[in-house]
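Data first, discussion second: the structure below is written as structure tokens.
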Amino acid sequence: RGKRAFIAGVADDNGYGWAIAKSLAAAGAEILVGTWVPALNIFESSLRRGKFDESRVLPDGSLMNIAKVYPLDAVFDNPEDVPEDVKANKRYAGSSNWTVQEVAESVKKDFGSIDILVHSLANGPEVSKPLLETSRKGYLAAISASSYSYVSLLKHFVPIMNPGGSSISLTYIASERIIPGYGGGMSSAKAALESDTQVLAFEAGRKHKIRVNTISAGPLGSRAAKAIGFIEKMIDYSFANAPLQKELSAGEVGNTAAFLASPLASAITGAVIYVDNGLNAMGVGV
Ligand code: NAD
């Protein structure tokens, strides 16, 4: 039997989640995605209307098939967590079963189990503010959407993950080096995500033989990154200063995820894997 993957955080064809889905599909995996509730309608209608068909093409010429798109809001674990104003919001009221626990239950009902879990989502409402100017609310929102969302996803999906399964998240070097402009507590959220990768690797490894790794990716002009406002500068900086002076493609991150999810990586867990043209290894820009 081929492997089945659930990828949380796909809402268009520009981000790392889409690229990871493609690399996993090219390697023969069945693809399920979790799409942020407010972005669901436009993503599904664009898919249906063929807007992504060009980017669905796999190396063998076939088109990537997404077996099912699940609405998801990873800041809510179960229906009791959802505040009234969100429940009443038109964009949310039109979908159902989108809390983390409910999505895991739906996937179990529809498919029984998965082998690969990917977390490719982040959100920091105050990301454009320096940390010194970030509110408590903004900081905690960044941690909730970008770090705890991963703990929650893994917690709810582990019971339906087959032993030998693999889980992957996406992080950024701002967790361990100063990257001015990556504010609002997002640097803190990535530091938490990387630390949790180690603890979760231990817990999920001992209990369920599941590997847990995170990819520290270089800059990509995704929708989320464009919202931060400094992404072009980071791409230019990387091109000028990294050991490999080439554009970083989302597919390179996708291929690393496919490797990490495969038996080729059977002894790799608890790791931060850099896919950034080597920029992390530089001490100064040259
Ligand atoms: P993206 O816009 O493709 O992906 C982010 C996704 O998160 C979007 O689809 C968005 O709808 C979703 N999302 C936001 N809040 C959510 C919530 N509460 N519940 C469910 N989904 C939610 O952008 P991307 O840059 O590809 O981001 C994917 C991951 O890669 C993130 O973890 C990001 O921090 C990481 N990353 C990005 C870069 C970069 O330069 N783009 C670099 C390193 C790491």
Side-chain angles (χ1 to χ4, degrees), residues 6-22 33-43 46 52 55 69-77 81-82 86 91-92 95 98-100 102-103 118-125 127 141-150 152-153 168-177 179 181-182 184-194 197 214-238 247-254 256-257 272-277 279-280:
F6 181 85
I7 301 143
V10 180
D12 60 40
D13 59 349
N14 294 318
Y16 282 132
W18 177 272
I20 291 169
K22 271 183 80 174
V33 306
T35 300
W36 195 30
V37 186
L40 181 76
N41 277 345
I42 174 126
F43 179 63
S46 303
F52 300 135
S55 5
V69 178
Y70 292 86
L72 167 70
D73 194 320
V75 304
F76 303 114
D77 301 316
D81 281 354
V82 183
V86 176
R91 290 193 292 184
Y92 281 81
S95 303
W98 39 258
T99 66
V100 176
E102 292 170 293
V103 174
V118 179
H119 175 280
S120 182
L121 63 96
N123 196 16
V127 63
I143 296 273
S144 173
S146 314
S147 316
Y148 188 76
S149 58
Y150 185 51
S152 178
L153 263 183
I168 295 154
S169 68
L170 275 299
T171 186
Y172 186 48
I173 185 106
S175 59
E176 43 173 327
R177 299 272 188 272
I179 310 279
Y182 198 72
M186 278 307 299
S187 56
S188 331
K190 291 306 192 188
L193 182 69
E194 289 175 28
T197 297
T214 187
I215 295 174
S216 186
L220 174 76
S222 64
R223 188 185 169 127
K226 281 182 180 145
I228 303 173
F230 74 154
I231 191 68
E232 294 308 330
K233 207 169 119 193
M234 290 300 117
I235 291 171
D236 292 347
Y237 181 88
S238 177
E247 199 183 311
L248 177 69
S249 78
E252 292 175 295
V253 168
T256 303
V272 180
I273 306 288
Y274 295 92
V275 184
D276 64 349
N277 285 325
L279 187 65
N280 72 90

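None of the values given here were measured: they were computed from a predicted structure. Counting starts at 1 for both ligands and their atoms, in listed order.
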Rounded to the nearest 0.5 Å, what's the gap from CD1 on I235 to NZ on K233? Could you check? 13.0 Å
Only one of V118, L153, L193 passes side chain to side chain contact (heavy atoms under 4.5 Å, CB included) with S169; say which it is. L193
Which atoms of ligand 1 are found less than 4.0 Å from any heavy atom of P219? 40 (O)
Distance (rounded to the nearest 0.5 Å) between I143 CD1 and S188 OG: 5.5 Å
Compare all side-chain heavy atoms of V86 with those of F76 and state whether any distance is below 4.5 angstrom. yes
For atom 14 (C) of ligand 1, the closest protein heavy atom turns out to be A122 O, 3.6 Å
Let me know which of V275, V272, D276 forms a side chain to side chain contact (heavy atoms under 4.5 Å, CB included) with I215. V275
Please find the pair of heavy atoms, one from L220 and one from A250, that lie closest to each other, and give the distance. CD2-CB, 3.9 Å
N or O pair under 3.5 Å between L220 and ligand 1: yes
Spatial distance of atom CG (D12) from atom CZ (R223) [nearest 0.5 Å]: 6.5 Å
N or O contact, D12 vs ligand 1, cut-off under 3.5 Å: no
Is K190 close enough to touch ligand 1? Criterion: a residue heavy atom under 4.0 Å from a ligand atom. yes
For ligand 1, note which part of I231 has a heavy atom under 4.0 Å away: side chain, backbone, both or neither. side chain
Measuring from I7:CD1 to L72:CG, what's the distance to the nearest 0.5 Å? 12.5 Å
Quick one: which ligand 1 atoms are inside 4.0 Å of a heavy atom on A225? 41 (N)
Under 4.0 Å, heavy-atom basis, I'd like to know which part of L121 is in contact with ligand 1: side chain, backbone, both or neither. both
May I ask you to check whether A217 has an N/O atom sitting below 3.5 Å from an N/O atom of ligand 1? no
Hey, which atoms in ligand 1 end up nearer than 4.0 Å to a heavy atom of G9? 4 (O), 6 (C), 9 (O)
Nearest-neighbour protein heavy atom for atom 25 (O) of ligand 1, which is reported as residue plus atom name and distance: S222 OG, 2.6 Å
Can you confirm, on distance only, whether ligand 1 has an N/O atom lying under 3.5 Å from any N/O atom belonging to D73? yes
side-chain contact (heavy atoms from CB on, under 4.5 Å) between Y182 and I173, worked out: CA-CA 10 Å; Y182 198 72; I173 185 106; over 6 Å; no
Any non-hydrogen atom of V75 lying under 4.0 Å from ligand 1? yes
With heavy-atom distances below 4.0 Å as the criterion, list the atoms of ligand 1 near A74. 17 (C), 18 (N), 19 (N), 20 (C)
Side chain T35, main chain A11, donor-acceptor under 3.5 Å: no
I would like to know whether I20 and L170 meet side-chain contact (heavy atoms from CB on, under 4.5 Å); could you show each step before the answer? CA-CA 11 Å; I20 291 169; L170 275 299; 3.7 Å; yes
List the closest protein heavy-atom neighbour of atom 3 (O) of ligand 1: residue, atom name, distance to the nearest 0.1 Å. G15 CA, 3.2 Å
Which heavy atom of the protein is the closest neighbour of atom 38 (C) of ligand 1, given with residue, atom name and distance? Y16 CE1, 3.6 Å
A student comparing F76, Y182, W36 should find that the heavy atom closest to atom 20 (C) of ligand 1 comes from W36
To the closest 0.5 Å, what do you measure between CG (D73) and CZ (R91)? 10.5 Å
Only heavy atoms of T171, strictly under 4.0 Å: list the atoms of ligand 1 that pass. 43 (C), 44 (C)
Atom 9 (O) of ligand 1: the protein heavy-atom neighbour that sits closest, reported with distance to 0.1 Å: A11 CB, 3.4 Å
Step-by-step side-chain contact (heavy atoms from CB on, under 4.5 Å) determination, L40 to V69: CA-CA 9 Å; L40 181 76; V69 178; 3.7 Å; yes
Counting heavy atoms only, which of L170, I20, V127, I235 comes nearest to atom 29 (C) of ligand 1? L170
Test of proximity, Y172 against ligand 1: N or O pairs below 3.5 Å: no
Between the main-chain N or O of Y148 and the side-chain N or O of S152, is there a donor-acceptor pair closer than 3.5 Å? no
Distance filter under 4.0 Å to L72 heavy atoms, resulting ligand 1 atoms: 19 (N), 20 (C)
Side chain S216, main chain I273, donor-acceptor under 3.5 Å: no
Under a 4.0 angstrom heavy-atom cut-off, which atoms of ligand 1 come close to A224? 1 (P), 2 (O), 23 (O)
Quick one: look at S120 and ligand 1, take heavy-atom pairs under 4.0 Å, and tell me if it's side chain, backbone, both or neither. both
I need the atoms of ligand 1 closer than 4.0 Å to a non-hydrogen atom of G218, numbered in the order shown. 40 (O), 42 (C)
